[in-house]
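Residue numbers count from 1 along this sequence. Just so you know, ligand 1 is whichever comes first in the structure, and atom 1 is the first atom listed for that ligand. Note that the structure is predicted; figures quoted are calculated from it, not measured.
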Amino acid sequence: IHVIFYLLSFLLILFLFISILYIHSSLNCRRVSGSLKQIDAGNGQVFGVNSANKIYTLYSGTWTQLSGSLKHVSVGPAGVWGVDANNYIHRLNHGDWVPVNGQLKQVDAGGMISPAGVNMNDYIYCLQGGQASSWTSLPGRLKYYSCGPNSCWGVSSGNQIYIMKGVTSNTCAGSLNWENVSGALSMIEVSTDGKVYGVNSSGDIFGRNHFNQPYRTGWRQVPFRQKVKHVSYDLGHLWVIGTDNSIMDCTE
Ligand SMILES: *[C@@H]1O[C@H](CO)[C@@H](O)[C@H](O)[C@H]1NC(C)=O
Ligand SMILES: *[C@@H]1O[C@H](CO)[C@@H](O)[C@H](O)[C@H]1NC(C)=O
């Protein structure tokens, strides 16, 4: 009797486990009010900018506007960073935007300490410790660059995908050796827990869910009803911006 009981419990647990895996493979999305052209989720916070470059953050479930004007904003362990319409860089410090040396068209705060980004000519930079006096330059050119716990991922103007490994709190530039990844994406985002999501130039979403070593697995298309232009993942939520600037909050 005991053996049968244990066997049944085992089968039940196995069944529950498989169901959870199955549920995991389909997205559950809800439309969020408002419209944004870009969104970034990290460190438990969500920031975004709209087509008029107004800045918003999700506070108690509603969008709260911040002062200032940015075309791209990023939140993560490195803080809250953004770039304005003239590519000037700003960092949020106790609720105020503080100008930072240099010019970038896109900045990412996903690294543990150091922000990183790309400039108008697709040159790649990171700021050692988040407060060095000048940006460290990386080899190569990318149009979009995003960092996670140990590595940063980027896409080139030709939509080729590259990884920079060996990024630590002391070496924001990493190993300086780019590794190319198969596939083609027009934007890419690495989450605080190291998951990687991106959008291809047709507006389809791709992800890599292998926790510790996302670079060891392949891309999997994330089924989605509409075409999208931007995604960002944090704490089990995939935030999606449609080509019409609609906002969706999805869980897998
Ligand atoms: C990396 O780039 C080289 C040269 O462009 C190419 O031959 C190779 O197939 C690429 N590897 C992957 C995994 O895409
Ligand atoms: C984007 O992904 C979809 C789905 O895999 C594919 O059909 C389409 O060709 C891709 N677009 C480009 C430009 O690679």
Side-chain angles (χ1 to χ4, degrees), residues 21-32 35-42 46 48-49 51 71-72 74 104-108 110 116-124 138 140-148 151-165 178-191 193-234 236-252:
L21 279 184
Y22 181 74
I23 291 166
H24 255 253
S25 66
S26 67
L27 270 192
N28 192 349
C29 298
R30 79 184 170 91
R31 174 78 197 260
V32 177
S35 77
L36 293 174
K37 68 174 174 183
Q38 182 255 329
I39 197 163
D40 199 47
V46 183
V49 294
S51 52
K71 68 174 176 182
H72 187 103
S74 181
L104 295 174
K105 68 175 175 184
Q106 179 252 328
V107 68
D108 188 84
V118 296
N119 78 1
M120 307 65 83
N121 300 316
D122 288 358
Y123 287 116
I124 314 152
L138 278 75
R141 290 193 188 202
L142 294 173
K143 67 173 172 181
Y144 201 105
Y145 195 47
S146 175
C147 293
S151 60
C152 300
W153 295 56
V155 292
S156 69
S157 57
N159 294 332
Q160 280 185 296
I161 308 160
Y162 295 90
I163 310 178
M164 179 61 76
K165 293 183 195 167
W178 292 109
E179 285 181 35
N180 64 339
V181 181
S182 61
L185 294 174
S186 54
M187 65 84 47
I188 195 162
E189 280 285 341
V190 189
S191 69
D193 65 6
K195 290 189 184 179
V196 184
Y197 286 91
V199 176
N200 79 3
S201 58
S202 313
D204 293 307
I205 307 174
F206 292 84
R208 292 188 173 227
N209 256 356
H210 202 274
F211 265 127
N212 295 315
Q213 297 170 309
Y215 38 85
R216 288 228 176 134
T217 65
W219 293 110
R220 126 193 106 78
Q221 192 182 347
V222 179
F224 207 73
R225 269 197 227 113
Q226 69 183 91
K227 295 296 180 188
V228 315
K229 63 179 182 191
H230 201 93
V231 290
S232 181
Y233 181 90
D234 187 40
H237 290 256
L238 182 68
W239 296 85
V240 180
I241 301 298
T243 47
D244 58 357
N245 290 349
S246 57
I247 311 161
M248 272 81 56
D249 170 12
C250 304
T251 48
E252 279 195 279

Name the closest protein heavy atom to [atom], giving the residue it belongs to and the distance to 0.1 Å.
{"atom": "atom 14 (O) of ligand 2", "value": "N200 ND2, 3.7 Å"}
{"atom": "atom 3 (C) of ligand 2", "value": "D204 OD2, 3.1 Å"}
{"atom": "atom 4 (C) of ligand 2", "value": "Q221 OE1, 3.2 Å"}

Does some non-hydrogen atom of A184 fall short of 4.0 Å from ligand 2?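 Heavy atoms of A184 never come under 4.0 Å of ligand 2.
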
For the aromatic rings, using the six-membered ring if either is Trp, is the centroid distance between H230 and Y197 under 6.0 Å?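 No.
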
Would you say the ring centroid of F206 lies under 6.0 angstrom from that of W153?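 Not under 6.0 Å, so no.
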
In sequence, state the C-alpha distance, the side-chain angles, and the governing distance for E189 and S232, and then conclude on side-chain hydrogen bond (donor to acceptor under 3.5 Å, both in side chains). CA-CA 6 Å; E189 280 285 341; S232 181; 4.6 Å; no

Flag the pair K143 and D122 as a salt bridge only when some basic side-chain nitrogen lies within less than 4.0 angstrom of an acidic carboxylate oxygen.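 No, no charged N to carboxylate O under 4.0 Å.
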
Distance below 4.0 Å between atom 7 (O) of ligand 2 and any protein heavy atom?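 Within 4.0 Å of atom 7 (O) of ligand 2, no protein heavy atoms are found.
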
Test log, rule side-chain hydrogen bond (donor to acceptor under 3.5 Å, both in side chains), inputs N28 and T251: CA-CA 5 Å; N28 192 349; T251 48; 4.6 Å; no

Options S201, S186, G203, S202, ranked by nearest heavy atom to atom 11 (N) of ligand 2, top entry: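 Checking each option, the heavy atom nearest atom 11 (N) of ligand 2 is found in S202.
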
